[in-house]
Every structure is written in C-alpha cells, then in structure tokens.
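Quick caveat: nothing in here was measured; it's all calculated off a predicted structure.
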Amino acid sequence: MGPRIPLRLQQLGRRAVILLALAGCSNAEQPATLAFEAAGRLEDSRIREASGIARSQREPGVLWVINDSGAKEFLYAIDATGTSLGRTELKKSSNKDWEDLASFELDGRPYLMVADIGDNLARHKSRKLYFLNEPKSGKNSTTVDWEVSFRYPDGPRDAEAAAVDIANERVLILSKRDIPPVLYEVPLRTDDDKKVTATWLGTISGLPQPSRQDVEFAPRTKDWHWQPSAMDISEDNRAAAILTYRAVYYFLRRPEQDWYDAFNMEPIRIGLGNFVNAEAVAFADNHRTVVVTGENRKALLLRVDLGMPAAHEAADDNAVTVMAFNVQNLFDNTDDPGKDDKAYLPLAAKQTDTHIDACNEIEVDSWRDECLYLDWSDAALDFKLDVLATSIRQVNNGRGADVIALQEVENLMVLERLRTEHLADLGYLPAILVEGTDTRGIDVAFLSKLPMLGDPVLHPLRLPEFPDRQGDTRGVLQADFRMPDGSVLTGLSVHFPAPFHPTPMRVAAYEHLNRLRDALPDSHHVFAAGDFNTTSTEDEREGLIDRYARPGWTLAHDVGCDDCPGTHYYGREGTWSFLDMILFSPARGENATARIRANSVAIANKNPAQVSEAGTPERFRSAAKTGVSDHWPMIATIELTQKQ
C-alpha cells in the first residue's frame, strides 16, 4: 500500500510546504524558517516503489532512483523536480530486494552502489552490493563493475539503510528491525569473489527507540515509525542523514571521529509531517540539501536545505564582518559522558541521590544552587537559543556577522540547533567545533558564511607548570576560510584561562597564539577573536596587551569603538574590561592586503535583553527568562584593500 498523501499537499501542488516536527517541539513551537518543501513528484509511473535515491556525481542536478523488490533491474534518472530523464538497465544484477542507493567517487571516477539488502523474514544467508560506473542519464544499459557478497556475523537480518564511507572505503549498513538498530561495515571492494563477513560495529543510540506499546500495536497500526529505512553520507564526509518513517535524523561527524561514534551522538530531527512510507533519502548536492521520497507511484519528492548557501552573501563583496561572542554556558540538556554538565539537565533528572551528593560538594553557593535547582528543560534551552539568535541578528541589518567566533559551547549538536532552528535563513554553513579537554565541557567554535578550506584544527594549550589547572583550559581553534576575493582568512577562536588563574597562564596563552600566527603562510590574513580573559586591572598592572598583543596584531577597539566601555563588567570592583577582543594581522608581502574598517568596530548590545538596568551586560537567568550573556559581543569588519 502506498503512502497516504494529505489532501492539503495534493491541493498545494509541487511547492507545498511541510512544517518540521523538530525534536521536543510541538507544532506551535516549530520554527517557520526551516521546512521540507514538496519540490515535485516522481513523474515516471514505472517508479512504483522508490526504495533508494542518490545524487549524480557526474551530472549536477540529476538524481538516480531505484525500485524495491520484484521490479526489473533499472536505474531511473530524474531532475530536482522529479521530471524523468530516462532509465538505464543494470545488466548482470538481480533485484531480489533492492533497498538503498548511494553515489561516490573512487580513483577519480563516479560510481553508484545498489544495496540488495532487504530481508523481511531474515532468511537469506547472504546479501549483495552491486557497484557500477555511473552512466550518463538516458543511457539504455550499463553493467555491474564489481559486486560484494556478504553475510552478517550474527545471522540473517533485514536492512534498508546503506551508505558509502568513501574515506575508509567501506559501506555502512544499519539494520532495520533490531531494537536498537545495529551498525555493520562491509569493505567497498574485495580481493576476490568470496563472500565476506560484515563487521559488527555496535548498536546505535542516536535514533529514537519505540515504547513497549509502540512495538505491541505496530502489527495492527502498520506504524513502525522508529525503523531506519534509508541512509546517506554527504560528499565531504561530514554529515549523514538517516531516514525513518517519521523523520530525517541529521548527524554531524567531528574531524577524526568515526561514524559509529557520530551516530551515537544526539542528532537534529527533521519531521516529515503527514508524509508516510518514506523509503529513500539522499544529499542532493555536495552541500546540505536533503531529498526524501517514498514507495508509491507519482510519489512526492521532498527537499530541505539545512543551511548551505550556494555562495557567500556578504553585505560588501570586499569585506567580511567578524563577531566575538562568549555565549555563556550554551549546553544541551543531556548528560555528555566525561563533561561536568550536571547543572544543565532537566529538573526531573536531578532527583537522584548521586546527583544531589555531587552538587552538594560544590563550594560556591550560586553554582551549587544552579546544580541542584536549575531546570534546564527543552523550553529553557529553546529560550536560550532564541535570545542568542536575536543578539546575532542585530548585526548587518539582520543578516548577522559573516564569521562568529564563539566561546562556552558544549558540543557541535547544540550549536547546530542554534544554526538550523534559529538562524536557518541567514546562510551559515555547518558549525565548526572540535571537542577539547576542558573539564566543564565548554569549547570554542565558529559559525561562518565563508566556505572552510580543509578541516579545522584544535591547538591545545599546554601548561606543564600548572598541571593541576590544565583541565580548566581551552585550546585555540583554527579554521581557514576563503574570502570573497579568493584569498585565505585564517580564524583563531580563543578562550584564555579565567582571571582567577595566575597571570603566567594567560601569558602562555598569548605566546601560544602568537606562535600559531607566525607559523601560518605569509599569504594568509589572520584574525583571533574571543574571550582573552585579560581584565583592565591585570593589564594595567602587567601590561599584557602591550607586551603580547599590540606588537604583532591590530586590536579592533584600538581602531574604533572610542565610546565603548568594554565587553564585561566586574561589579565587585566596579570596572569595565575588554575581555572579548578581535585581533587582526593582514597578509604579508602581497599587493592585496586588508585592514579593519575603523567605523565598523562596535559592541553588539542593541538587543534589550542584553542590557541590565544598570547599563551592564545582563547575565542569562533561565528561571527569570532574562538576559543573554555576561559578555557583550564585539564586531569588526575586515576590508580588502590595494597597496599603492
């Protein structure tokens, strides 16, 4: 039986919009800026049960689709609206139960993989993967180049989700009926034609699990909403999409992280609304556009853009605006192993003796009370994300800064929630964060509209003289961005040791930062932005800025911001400090150079929630629903110039 297409969608036609059902949100809470669209329908009526879809590696804008079991062995080419571009017979193959399709590039050539892995009754001793050089759309026939026959180490099982992890030359397969689902790997190619045994990688906790009632009633309701039915990995190997019958789950993989570990992190959930029997998912291009379709003739083709713009859209093609923003404890509300995040949990999760005893060991009264009584609920986290987004939007007439260096972010997924749920219309690319070793679990990160070149690198701060304080430090996050003119802008997001630590720790942090800048190519423009934790009192006493910053950098608030008091206020001392700074060093030895535009430097504090009655930064207070952060963001524009 095919999916029941809601009447409302039938009436709206190909541009219908399905509001997201994001995790933890009711319909009233769903953000309106991120939505699945019905981009079209599968025009070819011979596609009666689309079970797999994949982007073309050789023809931009083309998608390939396959049919489920019992159909002839054909690959169907469509455009982005579902219009038919012809079909290609796949010779030397058999469609016993084709369930997924993937595309990849290997040795400079484009390939497709057809996964014949369905097994509803778990009775087949082995399953098969077909690999073929991708044909041109409209070609009458093509032939399998090689195949991999495999068995599972723990017996036959049903699976419908498979993806190619090209960086490791393997195929990842996710079982369908196991609770929780199990992830396996199979080699992309083998030395001979013998069957191989798939490797059991483990169970996946990042997908929702059914209740006992869900399982009990599913045979009658025909609702197996938790089962994975398709999977795809993006071309850059950073993102993955897993499809169930209710939603797409969007995972981001950190550099050096294995996909198994990434699938056990919390994903972003993108609901399918009333669309049912979803069976196929793919990244439609090499960015982050995801497409979904299902098992029925003339099925809808859904699409959602997860924030990868086609091109950088700056207010000025010759300028880039940078923001430094300490977001004050941006934590999700789940316990991350190895992190001291016990204060940032829902109140219901804080009632155990273990939790209460751990909180009572905290010496600072306000921190102890936060650990015991703060209700970091879904609503509280959503409110925090909303006020941060409002503060970001005050820059560039609502467009936000082009690059934001952020501090005090727990993990990549909570930053992705900020980007995709609250800033989706601004065109920020996937968030950049590399997990550090800070015991609290607060990391430095970037949001950027500029494309990143290569992988980000976290440079740890080593403090052998202070081994007992090492855990309260953050490394410097480096990301290289392409400027609008094609030059390279290296960003360094920093969060120096807190002021209560000895001054030599911050001296070491400045020296570490300067070594990183000096090691970069002369052709790179470089900025360092973030929380330098250098108070005005310490600077007057020690001269840290004059000794370690001004000799090699231009400080944004030296160029402009004459009337700015600072970014942080110490109430006990009654003093202002520029804890948050933007430092800039232009490329050396080139005709083209860059500088900070003097009239661009400012404190971004126009959001009323950021300012207390006393005119100082208003710390975020969840229970009272007041404030944003105890730091005000700084902004500055880097403009490209020509040497005369």
Side-chain angles (χ1 to χ4, degrees), residues 51-52 54 66 68-69 96-104 106 111-131 146-210 224 226-234 237 239-245 248-251 253 257-265 267 279-283:
S51 60
I66 57 172
D68 205 340
S69 59
K96 291 184 178 178
D97 199 350
W98 286 5
E99 288 292 0
D100 213 344
L101 182 66
S103 67
F104 60 97
L106 182 65
Y111 287 92
L112 296 174
M113 178 197 72
V114 177
D116 192 358
I117 57 175
D119 189 1
N120 290 337
L121 301 178
R123 62 185 181 184
H124 297 297
K125 293 182 179 180
S126 65
R127 308 307 295 131
K128 191 168 290 188
L129 305 172
Y130 296 108
F131 298 90
W146 77 92
E147 60 186 53
V148 174
S149 183
F150 70 95
R151 64 174 66 88
Y152 293 101
D154 42 359
R157 61 220 323 103
D158 191 22
E160 295 187 0
V164 173
D165 174 12
I166 192 60
N168 295 294
E169 291 203 13
R170 61 178 178 170
V171 178
L172 298 177
I173 299 173
L174 192 59
S175 68
K176 180 178 181 180
R177 301 179 193 274
D178 293 309
I179 301 174
V182 177
L183 188 69
Y184 300 87
E185 72 171 16
V186 174
L188 189 68
R189 45 189 174 183
T190 58
D191 295 332
D192 51 43
D193 294 332
K194 295 181 180 179
K195 289 186 180 69
V196 298
T197 300
T199 300
W200 186 92
L201 298 179
T203 58
I204 297 301
S205 63
L207 294 174
Q209 301 306 307
W224 289 274
W226 64 91
Q227 293 181 342
S229 59
M231 176 167 61
D232 196 24
I233 292 175
S234 64
N237 208 39
I242 297 179
L243 177 69
T244 69
Y245 292 113
V248 168
Y249 292 86
Y250 175 64
F251 295 84
R253 184 186 62 82
Q257 186 182 39
D258 187 79
W259 274 116
Y260 170 72
D261 295 323
F263 289 146
N264 281 290
M265 303 289 286
E279 289 279 349
V281 68
F283 288 95

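- Nearest heavy-atom pair, Ala54 versus Ser103, reported as atom, atom and distance to 0.1 Å: CB-N, 3.9 Å.
- Side chains of Val248 and Ile242 form no contact here, defined as non-hydrogen atoms less than 4.5 Å apart.
- The distance from the OG atom of Ser126 to the CZ atom of Arg151 is 7.0 Å, given to the nearest 0.5 Å.
- We find the OH-OG distance between Tyr245 and Ser229 to be 5.0 Å, quoted to the nearest 0.5 Å.
- Of the possible polar contacts, one joining the Asp232 side chain to the Phe283 backbone as a donor-acceptor pair under 3.5 Å is found.
- Contacts of Arg253 classified as salt bridge (Lys or Arg N to Asp or Glu O under 4.0 Å), with partners at least two apart in sequence or in another chain: none.
- A donor-acceptor contact shorter than 3.5 Å is absent between the side chain of Asp178 and the backbone of Pro181.
- No donor-acceptor distance shorter than 3.5 angstrom exists from the side chain of Asp158 to the backbone of Arg177, with no hydrogens or angles considered.
- For the side-chain contact (heavy atoms from CB on, under 4.5 Å) with Met113, the qualifying choice from Asp100, Leu129, Leu101 is Leu129, the only one to do so.
- Salt bridge Arg157/Asp154: present, at least one basic N to carboxylate O contact under 4.0 Å.
- Look at Asp116 and Arg127 and you find a salt bridge, because one of the NZ, NE, NH1 or NH2 atoms lies within 4.0 Å of a carboxylate O, short of that distance.
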Practice problem: Given side-chain hydrogen bond (donor to acceptor under 3.5 Å, both in side chains), test Asn168 with Asp165 step by step and report yes or no. | Solution: CA-CA 6 Å; Asn168 295 294; Asp165 174 12; 2.7 Å; yes

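- The minimum heavy-atom distance between Pro153 and Ala198, with the atom names listed, is CD-O, 3.2 Å.
- Side-chain atoms of Trp259 and Asn237 include a donor-acceptor pair closer than 3.5 Å.
- The backbone N or O of Leu207 sits less than 3.5 Å from a side-chain atom of Gln209, completing a donor-acceptor pair.
- In this structure, Ala239 and Tyr250 approach most closely via the heavy-atom pair CB-CE1, 3.7 Å.
- Under the 4.5 Å side-chain criterion, counting only non-hydrogen atoms from C-beta, Pro210 is not in contact with Trp224.
- No option in Val148, Leu112, Leu106 other than Val148 meets the side-chain contact (heavy atoms from CB on, under 4.5 Å) test with Phe131.
- In terms of modelled atom types and a separation under 3.5 Å, the side chain of Ser51 and the main chain of Trp98 share a donor-acceptor contact.
- Here the CG atom belonging to Asn120 is positioned 7.0 Å from the CD atom belonging to Glu99, to the nearest 0.5 angstrom.
- Put simply, the side chain of Trp146 gets close to the backbone of Leu188: a donor and an acceptor are under 3.5 Å apart.
- Put simply, the side chain of Ser175 gets close to the backbone of Val182: a donor and an acceptor are under 3.5 Å apart.
- In this structure, Pro156 and Ala122 approach most closely via the heavy-atom pair CB-O, 3.5 Å.
- Distance check: Ile233 CD1 to Met231 CE gives 6.5 Å after rounding to the nearest 0.5 Å.
- Ring-centre distance between Tyr260 and Trp200: not below the 6.0 Å cut-off.
- Arg170 contributes atom CZ, which lies 5.0 Å from atom CD of Glu185 (distance to the nearest 0.5 angstrom).
- Between Phe251 and Phe263, the ring centre distance stays below 6.0 Å.
- Leu201 has its side chain out of reach of Tyr184: every pair of non-hydrogen atoms, C-beta onward, lies at least 4.5 Å apart.
- The backbone N or O of Asp97 sits nowhere less than 3.5 Å from a side-chain atom of Ser69 that would complete a donor-acceptor pair.
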